[in-house]
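Predicted model only: the values in this text are computed from it and were never measured. Each chain gets a letter, A, B and so on, in the order the sequences are listed, and its residues count up from 1.
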Number of protein chains: 2
Amino acid sequence: MDEQPQLAVSTVIFSLRDSELWTPLVRRIRQPFRDRWALPGGWVQPQEGLEATAARKLLETTALDPTYLEQLYCFGDIGRSPSGRVVSIVYWALVRPEQAELASDGENVRWFRADALPGLAFDHNRIVEYALWRLRNKMAYSSIAHGLLGETFTLAELRGVHEAVRGTTLDPANFRRQALAGGSIVPTGEHLVGASHRPPALYRYVDDALVDQGPLLVSASIRED
Amino acid sequence: MDEQPQLAVSTVIFSLRDSELWTPLVRRIRQPFRDRWALPGGWVQPQEGLEATAARKLLETTALDPTYLEQLYCFGDIGRSPSGRVVSIVYWALVRPEQAELASDGENVRWFRADALPGLAFDHNRIVEYALWRLRNKMAYSSIAHGLLGETFTLAELRGVHEAVRGTTLDPANFRRQALAGGSIVPTGEHLVGASHRPPALYRYVDDALVDQGPLLVSASIRED
DNA sequence: CCAAAAGTGTTAGGCTTACACCCATGC
DNA sequence: GCATGGGTGTAAGCCTAACACTTTTGG
């Protein structure tokens, strides 16, 4: 038992369906926790970056291509896996509704409502809990909602994302003003057609509407030596 | 080169001296980057939690006992160490001024101004940069300043911490009101004696003034299986 | 008494909230 | 025309920033 810890990468994935947050899980096909649901993931490869591993395993196991991917936390408690010491670097991802439609349920992949998960393998319930907290937090001060929407969207759709994640209802008038004042979305000039009632204007995010991750994203230019 | 990545833990430490942020670094005594300054740290031990490793190495190499310790980020780019793949789980810590006084400079430990570091080993400049960003961010919305102060303090001292970290000067009158309105500090009833001018009241943080880390801190009670 | 920092009062402006109201479309 | 969601207007209340002012000490 004195071997080096094993290094894993897992990802919590969120998508919106019917104004609810859903997350895909994979069925474990070996011990420990065989047949239990768990976060998609795999072992770190020597010649592959951590985020690249997260993206690759996500694609391999769930066929999803995320619009947003960020490191969540590194979990390394000694008791978290019964089979020996495992340190998991966990990412969290957002995927668009169209994506989620494509990657439907299968024998070994199933979507669950994010706030009503079954008992998962390892400490994965706790991890999803934390990812949800992070998503809700970030929703309040960033343009992260972008990751859950299509390229263009109405203000009602954008508001729907916020309402679903925050679990509250928001005043349409005030939401509109705040969203537009933020400066990260602009009208496309088009209007949504085919629906009942007055056709709403379509918007899109401006190109440089990056989610604030601090100096990490511009890291390459910071190195001094 | 196809071996498993090595797992390291490092810590960025901040303390306040002369209204400036300082950070202690250790001199590397072996290759790679021999004789360069680097973050204190060490390898993950099979039977020791990550945070425990951070605290232990911090004590061993710099003799410091932090008042605050939180995971910062996990760095795992493939090119970050010339000697092979190393994944570093980095923590950041705050220590009180008295502590920092005790742990003075030595042959292999030296304090630097956090915003004027030399060229460090590995990607450690980038890491400190990110830790600074996180500290500044957290200072704005939490009671993290607690970690840089003694048990009791005047409002001028508390304001000094905010001014030093944020790099701005703050209106004493408004700062006072906001600090007291927050509800996380209370007057001790004592006053600072010996100084010139009117003796300022002393304050302390209320016991439950925990810094918000989301569901991570209460994690033990969340596990469902 | 004077200088300087502690501490209080007051006002203007900005942002949020609540809600009244008009607009444009499908049926 | 009428129901419904899209979109605009507006006033009250809260929070912040700016700064005048009073208080209390050491010298």
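- For the pair A/Asn174 CG and D/dG9 C1', the computed distance is 11 Å after rounding to whole Å.
- Summarising the geometry, the separation between CG on A/Leu192 and C1' on D/dT4 is reported as 15 Å, rounded to the nearest angstrom.
- A centroid separation of 6.0 Å or more is found between the aromatic rings of B/Phe14 and B/Tyr68.
- Of the possible donor and acceptor atoms, none in the side chain of B/Asp123 sits under 3.5 Å from a partner among the backbone N and O of B/Arg80.
- Put simply, SG on A/Cys74 and CD on B/Glu51 are 12.0 Å apart, with the number rounded to the nearest 0.5 Å.
- We find that CD of A/Gln178 is positioned 11 Å from P of C/dA18, with the value rounded to whole Å.
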What protein N or O atoms touch nucleotides 1-6 of chain C N or O atoms at under 3.5 angstrom, if any, and at what distances?
residue, atom, partner, partner atom, Å
C/dA6, N3, B/Arg198, NH1, 3.2

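- Rounded to whole angstrom, the span from the CG atom of B/Asp171 across to the P atom of C/dA12 amounts to 17 Å.
- The CZ atom of B/Phe175 sits 15 Å away from the P atom of C/dT8 (whole-angstrom rounding).
- Taking a cutoff of 4.0 Å between a charged side-chain nitrogen and a carboxylate oxygen, B/Arg159 and B/Asp171 do not qualify as a salt bridge.
- Regarding B/Arg177, its CZ atom lies at a distance of 12 Å from the C1' atom of D/dA20, rounded to whole Å.
- For B/Lys57 and B/Glu60, the salt-bridge test passes: some basic side-chain N is under 4.0 Å from an acidic carboxylate O.
- Across all strands, B/Ala173 comes closer than 4.0 Å to base atoms (heavy-atom distances).
- Distance check, rounded to the nearest 0.5 Å: NE2 of A/His146 to CZ of A/Phe153 gives 6.5 Å.
- Put simply, CG on A/Leu170 is 16 Å from C1' on D/dG5, counting in whole angstrom units.
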